[in-house]
Amino acid sequence: MVLKHSVLKDNDLSHKRTYLRPRSGWSSVDLKSLWETRDLLWMLAWRDIQVQYKQTFFGFAWAIIVPFVQIVVFTIFFGKLLGVGDKIDEVAERQIPYPLFALSGQVIWNCFSSGVTGASNGLLANAAIVRKVYVPRLALPLAGLGKPTLDALIASVFLYVLAAWYAGVPDNDVWLSYKLPLTIIFLAASLIPALAMGMIFAAITVFYRDLKLVLPFLLQILFYATPVIYPAELVPDQYRWLLFVNPAGGFVSAHRACVLDLPINWLGVILSMVVSVALLIFGTLFFTRAERHFADVA
Amino acid sequence: MSDTVIKTENLSKMYRLGSGPQGRGDFRDAITARFSRLASRIMRRDPIDTPEDNDERTLWALRDASLEVKRGEIVGIIGRNGAGKSTFLKILSRITDPSSGHAWLEGRVGSLLEVGTGFHPELSGRENIFLNGTVLGMTRREIQNNFDEIVEFSEIGKFLDTPVKRYSSGMYVRLAFSVAAHLQPEILLVDEVLAVGDVGFQKKCLGKMRDAAVGGKTVIFVSHNLPSVQSLCTRAVLFGQGRVVRDGDVQSVVQAYLSDTESKAEATSLFDREDREGGRDIRFKQVRFLDAESQQATSMPMSGQPIDIELTLHCSARRELKNVDVGIFLHSASSGTCLFGCLSSARGQTYTLTPGDNVIFCKFAQWPLTGGRYRYTLYARCFNNTVDLVHEAGVVDVQSGDFYGTGVIPASDKEAVLTDFEFESASLSQSGSVL
């Protein structure tokens with residue numbers, strides 16, 4: 001009798017039991033169910049990529065066209081007209097081609113900024129899912145990073161080709177650095193603050209659509225506060241740390257240092273990393289806390 | 001006992017209406033609300049906090065719902081609009097948290113609150129099977145294993161690699177259903193989704209659901225469609241105003257629901273009923289059946305007689321509303337099946353409603369129903385927006401009558417529709433007139 005009962009119990013325990021109750025305040029993050037839903041994550045990221053490039057003439061070439069046009073514009077205005085190109089040579093004490101300088105910053109900046117945008121759109125773009133099916137909601141901003149990541153990898157290939165081309169021209173003071181493969185690590189690192197900011201924005205945007213208008217504006221400001229088109233050394237010593245409190249700053253300048261074989265500012269990288277991880281922890285908790293109201297509001 | 005797979009205790013859900021972070025609103029509203037609260041606290045103008053319960057801006061969509069469901073049961077949940085059925089399902093499927101109370105479910109839960117959730121129009125049928133499948137909680141491997149079966153069930157065949165935006169709505173629904181039908185959870189939660197799709201396919205899906213229950217799965221099924229609840233479910237639960245009103249065998253619960261709507265219809269006037277959909281500007285106020293010749297109201301219209309249905313709509317907006325399409329649908333009182341509907345737009349007519357009362361007639365040269373009891377649903381829309389929809393708005397008793405003028409009263413052991421027709425024989429076509 002007792003034995004039979006326990007067998008039955010055991011059988012029941014093989015099923016997953018889900019408890020539903022009101023939650024309030026901060027709660028723990030369910031990383032386990034996020035892991036179990038990885039197939040959904042891939043599918044959503046894959047969908048974004050498919051949808052973006054279906055029915056476009058240039059397809060994946062857009063991932064190269066965009067940074068290409070950007071650096072042409074930057075080279076004309078900042079490199080030549082505003083004389084940033086000369087400043088760079090002064091700082092580095094050697095001839096650095098401005099297009100390569102700008103592209104090495106732009107690739108990682110695009111990865112970061114479109115990562116923020118992608119992650120923050122994750123909820124509203126999938127509002128239909130949020131309202132009608134339960135999925136671990138963290139998967140939605142996370143999946144929003146898929147397309148920016150792929151775009152960044154394609155753009156990186158372009159960056160390597162450009163770097164190799166400049167290195168191949170004999171008169172240039174540029175060579176291929178053994179640090180070049182490290183760029184991938186910094187690209188990946190830039191996705192941490194992108195996800196963190198994306199989650200915070202995604203959560204607030206569900207309640208207040210105003211944030212949708214604020215985000216592009218904020219990214220624009222952040223762009224100028226990040227050493228993308230100018231070297232960090234241009235900022236006076238006593239204020240330079242501010243560039244690295246900006247979570248993208250350290251990664252952008254380190255990414256460039258790898259391409260141009262300049263010394264990596266590890267202090268800046270660590271500072272940005274600390275800020276990024278802190279943002280990620282806060283962002284995840286904030287998102288998890290706001291998440292339970294999404295279906296009622298979205 | 002250990003057979004219980006779902007247990008809910010005092011499950012409740014409260015919504016805040018209007019602005020503020022829970023409702024729709026913008027930043028400004030939230031900030032001004034916060035400031036005015038602060039201001040009133042400082043000024044001590046409003047020393048007593050109004051309890052949430054009595055605040056008119058809160059709505060209890062679900063109130064103290066306690067239920068226990070055992071493995072293998074197919075539970076039909078019925079009730080009028082706003083009775084809390086969908087909210088109950090949303091909580092069980094974890095889409096939203098309860099405001100109070102708690103519940104547990106044992107086993108893998110699959111929910112189907114809408115057909116084709118996550119479908120993307122640009123992607124092909126094949127791609128959407130995988131997308132929709134993972135959204136519903138399947139793994140890619142599970143979808144791969146069931147892929148051929150899903151495609152076969154959906155009957156879309158060669159359109160598999162066509163973007164679904166080019167599908168007909170029927171194909172779209174079939175594909176979406178096929179994916180959902182192959183979901184293999186231990187507990188399946190289904191909302192009013194069978195309302196779409198053609199009848200043959202609906203039957204196929206209902207069959208699939210029944211098979212699931214035979215295989216030890218548990219199904220909770222929300223529907224307005226009483227016949228499908230009666231044919232599918234082993235138990236029914238009636239919800240009313242957010243509460244569980246009745247729980248038991250299907251026949252008695254359905255009966256309770258039908259008599260409840262009757263008493264409701266009598267107790268509150270049509271105008272004051274709150275269980276309606278649509279905006280608040282236009283409301284059906286009164287329905288009268290008139291003898292067309294005398295224009296006198298009749299409590300029992302007779303089969304075959306000319307009858308006018310007088311619909312009074314009250315418009316409380318300040319300005320007139322154009323292009324309003326008005327309709328009445330008649331249902332069998334015993335089964336709830338819709339027998340026919342009359343929409344003014346079907347006759348090419350829409351109306352401009354002016355503030356105040358508007359009277360519109362729906363005229364029948366011959367009243368087409370056999371003797372018996374019927375219910376009607378009232379519907380008004382403006383373009384594609386429902387402006388007022390009242391399910392089970394009232395009942396009408398029909399007297400048997402000599403519809404065909406033959407001196408014989410058509411048999412009316414069932415509620416049925418009579419229609420004008422003629423018989424003619426090809427070879428003897430003239431014989432009638434000669435005689």
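Throughout, a chain's letter reflects where its sequence line sits, starting with A, and its residues are numbered from 1.
Considering only heavy-atom pairs separated by less than 4.5 Å from chain A, the leading option among Gly110(B), Pro163(B), Gly118(B), Gly101(B) is Gly101(B). Contact count against chain A (heavy-atom pairs under 4.5 Å) is highest for Thr134(B) among Thr96(B), Thr134(B), Leu89(B), Leu136(B). Ranked by heavy-atom pairs under 4.5 Å with chain A, the first of Ile95(B), Thr8(B), Leu11(B), Thr117(B) is Ile95(B). Considering only heavy-atom pairs separated by less than 4.5 Å from chain A, the leading option among His102(B), Met138(B), Arg141(B) is His102(B). When each of Arg23(A), Lys132(A), Arg21(A) is checked for heavy-atom pairs under 4.5 Å with chain B, Lys132(A) comes out on top.
Listed by chain and residue number, nothing satisfies the side-chain hydrogen bond (donor to acceptor under 3.5 Å, both in side chains) test with Gln50(A) (two or more places apart in sequence, or in another chain). Arg166(B) pairs by the side-chain hydrogen bond (donor to acceptor under 3.5 Å, both in side chains) definition with nothing, not counting sequence neighbours. In terms of the ring-ring contact (aromatic ring centres under 6.0 Å, His included) criterion, Trp42(A) has no residue partners (sequence neighbours excluded).
Residues Thr226(A) and Asn246(A) bring a donor and an acceptor atom of their side chains to less than 3.5 Å of each other. There is no side-chain donor-acceptor pair under 3.5 Å between Asp39(A) and Thr139(B).
The existence of a salt bridge linking Glu36(A) and Arg108(B) is excluded, since no basic side-chain nitrogen approaches an acidic carboxylate oxygen closer than 4.0 Å. Glu106(B) has a carboxylate O that lies under 4.0 Å from a charged side-chain N of Arg17(A), or vice versa, which qualifies the two as a salt bridge.
Atom CZ of Phe147(B) has more than 12 neighbouring heavy atoms from other residues, nucleotides or ligands inside a 6.0 Å radius. For Trp26(A), the CH2 atom is densely surrounded, since the number of other residues' heavy atoms within 6.0 Å is greater than 12. By the neighbour-count criterion of 12 heavy atoms within 6.0 Å, atom NZ of Lys212(A) is sparsely surrounded, having that number or fewer from other residues, nucleotides or ligands.
Residue contact with chain A, scored on non-hydrogen atoms closer than 4.5 Å, is absent for Glu9(B). Of the two parts of Arg38(A), neither the backbone nor the side chain holds a non-hydrogen atom closer than 4.5 Å to a non-hydrogen atom of chain B. For Val133(A), the parts sitting under 4.5 Å from any heavy atom of chain B are the backbone and the side chain alike. Only the side chain of Lys90(B) comes within less than 4.5 Å of a heavy atom of chain A; its backbone N, CA, C and O stay farther away. Proximity to chain A (any heavy atom under 4.5 Å) is restricted, for Ser99(B), to the backbone atoms N, CA, C and O. When heavy atoms are compared at a cutoff of 4.5 Å, Leu92(B) approaches chain A by way of both its backbone and its side chain.
Using a 4.5 Å heavy-atom threshold, the side chains of Leu213(A) and Asp210(A) count as separate.
Contacts with chain B (heavy atom to heavy atom, under 4.5 Å) involve no residue of residues 141-158 of chain A.
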